[in-house]
Asker: 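Following this message is one structure expressed as structure tokens.
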Amino acid sequence: MNLERIQNTDLLDKVITAKEAALFFENGMVVGSSGFTRAGDSKVVLKALADRGKEAQLKITLITGASLGHDIDGILADTGMLAKRMPFQSDAVLRKHINAGEVLFIDQHLGETAELINNHHLPEIDIAVIEVAMIKADGSVVPTTSIGNSATFIQNAKKIILEVNLTIPTNIEGIHDIFFAGDYPHRAIIPITQANSLIGTTSIPLDVSKVIGIVYTNVADSPASIAEPDTKTIAIANFLLDFLRNEVKHGRLTTSLLPLQAGIGKVANAILEGFVNSEFNNLTMYSEVLQDSTFDLIDAGNLTFASASSITVSEKCYQRIFQNFDSYKNKILLRPQNISNAAEVIRRLGIIAINTAIECDIYGNVNSTHVYGTKMMNGIGGSGDFARNSYLCIFVTQAASKGDNISHIVPMVSHVDHSEHDVDIIVTDYGLADLRGLSPRERAVRIIQNCSHPDYRPHLLDYFQRACLQGGHTPHLLNEALSWQARLIETGSMKI
């Protein structure tokens, strides 16, 4: 028995196998699981539940922090176990089931799920499965590489299963900052005034009477897939860096900027990597995910502190972090996602938010979730939390893709996640459009001229000019507005 990992002796007799833990689940249950962008998720209990689901007729609603690793979303979907899933996913197999209508998916702002649970707007959590590094003597638990919604699940679940992950060193304790703002109408201020503000506890309080099982695991997080910066992502990064330099030149920012937030993926990583050899220094981050680029910036001395809800990195970076953990420990914090994504904090700190778009239209509306307007990709994630409340809301995308058959600047987006009212900057590999202080007609000219691919620019201008002849504050030709997406579906190309 590992007394270092289970320090509360009342829980020692709760140790069971993953297969035994899977027997606690019943048809129709609502299950909450730790895990945020493939980090700190259930490694064995949900897998054992999927194995059981191949034999038993079980359907569950699964709520997490964000996406899960080790293909578990796809495995659960293929067994037919998932009736409903929220608030985010990134699994290709699950995506197929969602778009076929076989799994109901609720695409939520990641900062809101905990609020909906706490305010009883969602069904009660029957069982929470939470990965931890250790259980302390007072019964509280130390999370691993993410917090996500774990604190909320532990607080609200009827029963709890803990996965104690032996691959995570116990000295991870100290990087977590657990804070509960309380319930309405007596909700507290979230007193974060800078990225490194410590406002809570290093472990999550837990009612040990709820614990029905403890399972040991020895499985590391799924590694993030990190693509090397390419010509397009480097161009996007350079346009953005030049824009920030101009903001410094005009006295609107300093070379330390304001706290950065960046969505996950190769574009965000490339942009953050661009800061490594730049004049920007003493940077801070208040984001959702700490990626490879975060630790590269720390190692380069450019980034002094980073706050998020998870650590999602490549295998090589993962090894680097935990082999030298003490050197990073005082430079990072992980928070519950309703704190990392809190509108109050984002607005107070003045976040520079950088997120990815599937498509942008000529007026600055952004689609970040639906291909062709109907097929779910991953979900809105935290982009909306940051877009609406940031100091600068920046969306990045390539101008065109798939052999330039798809233009990512279109007359009208086929699905709106972020309206023109929230979007300040659009950047592609062809240029940057600063939309601040511009009317819709001015925005259209700026976006078309600066951001669109040259093959599509004349057609976008033609559309806009003809729309203007019909008048309107935001001119559109409704019989043509979505014709580009329709042409892509019919012919495989948006080209005219």
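All values reported here derive from a predicted model rather than from experimental measurement. This chain uses plain numbering: 1 for the first residue, then up along the sequence.
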Asker: Treating Y286 as the side-chain partner and L258 as the backbone partner, does any N or O pair qualify as donor plus acceptor under 3.5 Å?
Answerer: no
Asker: Say whether, by atom type as modelled, one donor and one acceptor occur between the side chain of N389 and the main chain of R347 under 3.5 angstrom.
Answerer: no
Asker: Are the side chain of S222 and the backbone of H70 linked by a donor-acceptor contact shorter than 3.5 Å?
Answerer: yes
Asker: Using side-chain heavy atoms (C-beta onward) and a distance below 4.5 Å, is D242 in contact with R245?
Answerer: yes
Asker: Quick one: does any side-chain atom of D292 pair with a main-chain N or O of S314 as donor and acceptor, under 3.5 Å?
Answerer: yes
Asker: Measure across F243 and L392 and return the closest heavy-atom pair with its distance rounded to 0.1 Å.
Answerer: CE2-CD1, 3.9 Å
Asker: Determine, stepwise, if the pair R436 / D434 fulfils salt bridge (charged side-chain N to carboxylate O under 4.0 Å, His left out).
Answerer: CA-CA 6 Å; R436 294 172 296 176; D434 184 349; 2.8 Å; yes
Asker: Would you check if there is a donor-acceptor pair between the side chains of D221 and T145 at a distance under 3.5 Å?
Answerer: yes
Asker: Would you mind reporting whether F153 and V129 have side-chain heavy atoms less than 4.5 Å apart?
Answerer: no
Asker: Tell me the salt bridge (charged side-chain N to carboxylate O under 4.0 Å, His left out) pairs involving residues 334-344, sequence neighbours left out?
Answerer: D177-R335, E344-R348
Asker: Would you say T144 and E131 are linked by a side-chain donor-acceptor pair, where the criterion is simply a distance under 3.5 Å?
Answerer: yes
Asker: If you apply the rule side chain to side chain contact (heavy atoms under 4.5 Å, CB included), what do you find for D422 with F395, and how did you get there?
Answerer: CA-CA 10 Å; D422 296 336; F395 278 95; over 6 Å; no
Asker: On a heavy-atom basis, which atom in G65 and which in F36 lie closest, and how many Å separate them?
Answerer: C-CD1, 3.9 Å
Asker: From H476 NE2 over to L478 CG, what is the distance, rounded to the nearest 0.5 angstrom?
Answerer: 7.5 Å
Asker: Let me confirm one number: the CD1-CD1 distance from I127 to I160, rounded to the nearest 0.5 Å.
Answerer: 10.5 Å
Asker: May I ask you to test the K375-H370 pair for a side-chain heavy-atom distance under 4.5 Å?
Answerer: no
Asker: Taking all non-hydrogen atoms of both residues, which atom of L110 and which atom of P87 are closest, and how far apart?
Answerer: CD2-CG, 3.6 Å
Asker: Looking at H408, is its backbone amide N or carbonyl O close enough to the side chain of T397 to form a donor-acceptor pair, meaning the two atoms are under 3.5 Å apart?
Answerer: no
Asker: Looking at D296 and E273, would you say the former's side chain and the latter's main chain have a donor-acceptor pair under 3.5 Å?
Answerer: no
Asker: Could you grab the distance from atom CD1 of I199 to atom CZ of F179, nearest 0.5 Å is fine?
Answerer: 4.5 Å
Asker: Does NZ belonging to K84 count more than 12 external heavy atoms closer than 6.0 Å?
Answerer: no
Asker: Distance alone, cut at 3.5 Å: any donor-acceptor contact between the side chains of Q291 and T294?
Answerer: no
Asker: Within the distance-only criterion (no hydrogens, no angle test), does the side chain of D417 pair as donor or acceptor with the backbone N or O of T369 below 3.5 angstrom?
Answerer: yes
Asker: Roughly how far, to the nearest 0.5 Å, is CD of E288 from OG of S146?
Answerer: 12.5 Å
Asker: Under 3.5 Å, which donor-acceptor pairs do the side chains of residues 182-189 form with other protein atoms, sequence neighbours left out?
Answerer:
unit_1: R187; atom_1: NH1; unit_2: E115; atom_2: OE1; d: 3.0

Asker: For the side chain of N405 and the backbone of S401, is there at least one donor-acceptor N/O pair under 3.5 Å apart?
Answerer: no
Asker: Quick one: does L349's side chain get under 4.5 Å of Y391's, heavy atoms only?
Answerer: no
Asker: When the aromatic ring centroids of Y456 and W484 are compared, is their separation below 6.0 Å?
Answerer: yes
Asker: For ring-ring contact (aromatic ring centres under 6.0 Å, His included), just list the numbers for H415 and Y372, CA-CA rounded to whole Å, side-chain angles, deciding distance to a tenth of an Å, and then say yes or no.
Answerer: CA-CA 8 Å; H415 177 89; Y372 308 131; over 10 Å; no
Asker: Do N118 and Q155 come close enough that some side-chain heavy atom pair is under 4.5 Å?
Answerer: yes
Asker: Are the ring centres of H97 and F105 closer than 6.0 Å?
Answerer: no
Asker: Any donor-acceptor pair under 3.5 Å linking the side chain of N450 with the backbone of L432?
Answerer: yes
Asker: List the steps and the verdict of side-chain hydrogen bond (donor to acceptor under 3.5 Å, both in side chains) for T37 and S67.
Answerer: CA-CA 5 Å; T37 56; S67 51; 5.4 Å; no
Asker: To the nearest 0.5 angstrom, please state how far the OG atom of S140 sits from the CD1 atom of I204.
Answerer: 9.0 Å
Asker: Salt-bridged, D73 to R85, with N to O below 4.0 Å?
Answerer: yes
Asker: Would you sort out whether E112 and N338 count as a side-chain hydrogen bond (donor to acceptor under 3.5 Å, both in side chains), showing the intermediate values?
Answerer: CA-CA 7 Å; E112 293 186 354; N338 56 322; over 6 Å; no
Asker: Closest approach of T312 and A39, non-hydrogen atoms and distance?
Answerer: OG1-CB, 3.8 Å
Asker: Can you check whether M377 reaches I358 side chain to side chain, under 4.5 Å on heavy atoms?
Answerer: yes
Asker: For I147 and L334, which heavy atoms make the closest approach, and how far apart are they?
Answerer: CD1-O, 3.1 Å
Asker: Would you check, one step at a time, whether the test side chain to side chain contact (heavy atoms under 4.5 Å, CB included) holds for I362 with R443?
Answerer: CA-CA 7 Å; I362 59 175; R443 283 172 167 243; over 6 Å; no
Asker: Do the side chain of D71 and the main chain of G74 share a donor and acceptor less than 3.5 angstrom apart?
Answerer: no
Asker: Using a distance-only test with no angle check, is there a side-chain donor-acceptor pair under 3.5 angstrom linking T201 and S203?
Answerer: no
Asker: Got a sec: does the CD of E124 have more than 12 other heavy atoms crowding it under 6.0 Å?
Answerer: no
Asker: Ignoring hydrogens and angles, state whether a donor on the side chain of N367 or E359 is under 3.5 Å from an acceptor on the partner side chain.
Answerer: yes
Asker: Go through the steps for T231 and D429 under the test side chain to side chain contact (heavy atoms under 4.5 Å, CB included), then give the verdict.
Answerer: CA-CA 8 Å; T231 303; D429 48 312; over 6 Å; no
Asker: I'd like to know whether CG of N119 has more than 12 heavy-atom contacts from other residues, nucleotides or ligands below 6.0 angstrom.
Answerer: yes
Asker: Do NZ/NE/NH1/NH2 and the carboxylate oxygens of K96 and E102 come within less than 4.0 Å?
Answerer: no
Asker: Any chance you could measure S414, atom OG, to N365, atom CG, to the nearest 0.5 Å?
Answerer: 11.5 Å
Asker: Please report the closest heavy-atom contact between G431 and F239, naming both atoms and the distance.
Answerer: N-CE1, 3.4 Å
Asker: With no hydrogens and no angle check, just 3.5 Å: does a side-chain donor-acceptor pair link E279 and T255?
Answerer: no
Asker: If we only count heavy atoms from C-beta on, is the V31 to D126 side-chain gap below 4.5 Å?
Answerer: no
Asker: Determine whether the side chains of D91 and Q89 contain a donor N or O and an acceptor N or O closer than 3.5 Å.
Answerer: no
Asker: Can you find a side-chain donor-acceptor pair between T304 and N282 that sits under 3.5 Å?
Answerer: no
Asker: With a 4.5 Å cut-off on side-chain heavy atoms, are H418 and S383 touching?
Answerer: yes
Asker: Can you list the steps and then say if D424 with I394 is a side chain to side chain contact (heavy atoms under 4.5 Å, CB included)?
Answerer: CA-CA 6 Å; D424 298 315; I394 301 166; 5.8 Å; no
Asker: Under 3.5 Å, is there a donor-acceptor pair between the N149 and T152 side chains?
Answerer: no
